[in-house]
Q: 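Please see the structure below; I have some questions.
Order of the sequence lines fixes the chain letters, A, B, ..., with proteins taken first and strands second; residue numbering starts at 1 for each chain. For the numbers below, each heavy atom of this structure counts, side chains included, while hydrogens, waters and symmetry mates do not. Because the structure is predicted, anything quoted here is derived from the model rather than measured.
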There are 2 protein chains.
Amino acid sequence: MRYSLLAGGKRVRPALCLAACELVGGNDSMAMPAACAVEMIHTMSLIHDDLPCMDNDDLRRGKPTNHIVFGEDVAVLAGDALLAFAFEHIAVSTLNVSSARIVRAVGELAKAIGAEGLVAGQVVDINSEGSSEVDLEKLEFIHIHKTAKLLEGAVVLGAILGGGTDEEVEKLRKYARGIGLLFQVVDDILDVTKSSQELGKTAGKDLVADKVTYPKLLGIEKSREFAEQLNKEAQEQLAGFDPEKAAPLIALANYIAYRQN
Amino acid sequence: MRYSLLAGGKRVRPALCLAACELVGGNDSMAMPAACAVEMIHTMSLIHDDLPCMDNDDLRRGKPTNHIVFGEDVAVLAGDALLAFAFEHIAVSTLNVSSARIVRAVGELAKAIGAEGLVAGQVVDINSEGSSEVDLEKLEFIHIHKTAKLLEGAVVLGAILGGGTDEEVEKLRKYARGIGLLFQVVDDILDVTKSSQELGKTAGKDLVADKVTYPKLLGIEKSREFAEQLNKEAQEQLAGFDPEKAAPLIALANYIAYRQN
């Protein structure tokens, strides 16, 4: 659990969670357990996705993947335990937030993971591999579920735990959906334009696995335009908030859009 | 998810959860989502334990295991989604219970699963396979974590959600720990004394895997005596409760002790 959770990574989801909490007037201690929990969920999804029966990847964040180091059995279990510990951490360690908001946060996080979230995306992704019948709609379904749902969860949890109104929570949900898709479009572009060393993970593996990606369907240039558009629309959701407090979320959107690995 | 969750099974954990809820004065609707959630967790642990990289079992409840039917990748993901959905169901569907009690229930259930619960037991179990150095203490650690923790979770969740006092919750926790260990001692005995057909799962597999079991360490007769003692001590925890409402929990202890499959 520690090996994969503390292996580095960009910590985009925790940063989003804390920024959303502060944007709606909370202080970051209210959302810190949730921010950690979201990173645990992200890590568990990476551990399980890397398994031989899934993407069969042996490099992640520049290090051997969990099952290479600890064996497949322990890798499955480490993922399970991280998934459970995420909920334990929110339930036990969230302070100065009403129980009603904590219960809402638990429900939102759980929904981001399961058959309407990460898992849905991964199942459709697996079933689509090597298929020539993946169109833009299906590709978007995969990315919204595999990537955007958990980013949405991170932002929504932060907004709920920070005391946001329903309207604020929904605006931030739209922002998160936009940058979630943005994140994956950029990932697809990086996979075909960067080396393994630059990425800290195996490059070009989408091509090798014959995966449908945005560059494959739209070409690199149109993919970059689509990324620009998603970034712009996401940032428009932040218009009604205090500009100073919204600055980190704008910066994060730009970071996601312009990152190099 | 449906294939394994609705494949039958004894539903011991949900029954315990509802009975504990009623024992402390709740009505069973308060604990119904939690009872279902505990069964989802149990099912997810079976799906993952049956994987080729773990116990590599192809028969469960008289049917092919999940990965035999749907493939290893989907089996891993079905387990993940059931784990998440358990928490979603408690958070979203529990009615007429204070949010504070729901948050406590989430924390208790999560702790029963992770590195202090099911997963701890499975990891030590895997590492002990084929080892001649497993003594009674280690065997008890494995069973307390692999089996008793989730039964404890079921009972404690029912007691919390039903409005039990801290003292009532702790008495029921002790009862559950006792019958949790009892459950596994009886399982070990059945594995060496019954056929696959009688059990609805592969019999004699502990012997094949050279697993340390109670019958192996104590012999069949002493294992049966130990089961009797655990049953008696568990039932003693129920002495202070309304005998009529305690009757289902006494019956469940006896059912576990004297079951034939």
Side-chain angles (χ1 to χ4, degrees), chain A residues 1 37 40-41 44-45 48-49 51-56 67 70-94 97-123 125-127, chain B residues 1 37 40-41 44-45 48-49 51-56 67 70-94 97-123 125-127:
Chain A
M1 291 164 73
M40 291 178 208
I41 299 299
M44 125 19 224
S45 78
H48 284 186
D49 284 4
L51 287 169
C53 67
M54 304 256 230
D55 295 351
N56 193 21
H67 65 272
F70 300 102
E72 281 179 59
D73 46 7
V74 173
V76 171
L77 292 167
D80 293 349
L82 279 170
L83 180 37
F85 191 54
F87 290 101
E88 181 179 339
H89 197 51
I90 292 180
V92 172
S93 302
T94 302
V97 177
S98 74
S99 295
R101 284 187 182 264
I102 298 173
V103 170
R104 260 179 82 190
V106 166
E108 286 278 353
L109 180 60
K111 202 172 279 186
I113 301 164
E116 295 173 49
L118 286 179
V119 167
Q122 183 70 357
V123 168
D125 192 19
I126 287 168
N127 288 338
Chain B
M1 291 165 74
M40 291 177 207
I41 299 298
M44 127 11 225
S45 78
H48 283 186
D49 284 3
L51 287 168
C53 67
M54 304 255 229
D55 296 352
N56 193 21
H67 64 272
F70 300 102
E72 282 179 59
D73 45 7
V74 173
V76 170
L77 292 166
D80 293 348
L82 279 169
L83 179 37
F85 191 54
F87 289 101
E88 181 180 339
H89 197 51
I90 292 180
V92 172
S93 302
T94 301
V97 176
S98 74
S99 294
R101 284 186 182 266
I102 297 173
V103 171
R104 260 179 83 190
V106 166
E108 287 278 352
L109 180 60
K111 202 172 279 189
I113 301 164
E116 294 173 49
L118 287 178
V119 167
Q122 183 70 357
V123 169
D125 192 18
I126 287 168
N127 288 338

Q: Which residue out of A/Gly71, A/Ala75, A/Ala81, A/Gly79 racks up the most heavy-atom pairs below 4.5 Å with chain B?
A: A/Ala81
Q: Tell me which one of A/Val76, A/Ile113, A/Asp80 satisfies side chain to side chain contact (heavy atoms under 4.5 Å, CB included) with B/Asp80.
A: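 Filter result, single survivor: A/Asp80.
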Q: Given a strict heavy-atom distance threshold of 4.5 Å, which part of A/Phe87 is in contact with chain B: side chain, backbone, both, or neither?
A: both
Q: Could you tell me which non-hydrogen atom of B/Asp73 sits nearest to which non-hydrogen atom of A/Cys53, and how far apart they are?
A: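 The answer is CB-O, 3.2 Å.
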Q: Can you tell which part of A/Leu83 gets under 4.5 Å to a heavy atom of chain B, answering side chain, backbone, both or neither?
A: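 Only the side chain of A/Leu83 comes within 4.5 Å of chain B.
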Q: Check salt bridge (charged side-chain N to carboxylate O under 4.0 Å, His left out) between B/Asp125 and all other residues, then give those that pass, not counting sequence neighbours.
A: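 Result, salt bridge (charged side-chain N to carboxylate O under 4.0 Å, His left out) vs B/Asp125: B/Lys146, B/Lys211.
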Q: Of the non-hydrogen atoms in A/Ala37 and A/Ala86, which two are nearest, and what is the gap between them?
A: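 Looks like CB-O, 3.4 Å.
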Q: Just give me the residue among A/Ile90, A/Val74, A/Val119 that pairs up with chain B most often, heavy atom to heavy atom, under 4.5 Å.
A: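 Among the listed options, the one with the most contacts to chain B is A/Val119.
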Q: What heavy-atom pair brings A/Ala110 and B/Ala84 nearest, and what distance separates the two atoms?
A: CB-O, 3.3 Å
Q: Heavy-atom cut-off 4.5 Å, strictly under: side chain, backbone, both or neither for B/Ile126 against chain A?
A: side chain
Q: Is it the side chain or the backbone of B/Leu51 that comes within 4.5 Å of chain A heavy atoms, both, or neither?
A: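 It is the side chain, since no backbone atom gets that close.
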Q: For the candidates A/Leu82, A/Val103, A/Leu118, which exhibits the highest count of non-hydrogen atom pairs separated by less than 4.5 Å from chain B?
A: A/Val103
Q: Kindly write out the residues that satisfy salt bridge (charged side-chain N to carboxylate O under 4.0 Å, His left out) with A/Arg101, not counting sequence neighbours, or none if the list is empty.
A: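 For A/Arg101 there are no salt bridge (charged side-chain N to carboxylate O under 4.0 Å, His left out) partners, ignoring immediate neighbours.
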Q: Looking at B/Met1 and A/Ala115, what are the two nearest heavy atoms and their distance?
A: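 Looking at all heavy atoms of both residues, the closest pair is SD-CB, 4.1 Å.
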Q: Relative to chain A, which of B/Arg104, B/Met54, B/His89 shows the most heavy atom pairs under 4.5 Å?
A: B/Met54
Q: By a 4.5 Å heavy-atom criterion (distance strictly below it), what part of A/Val92 contacts chain B: side chain, backbone, both, or neither?
A: side chain
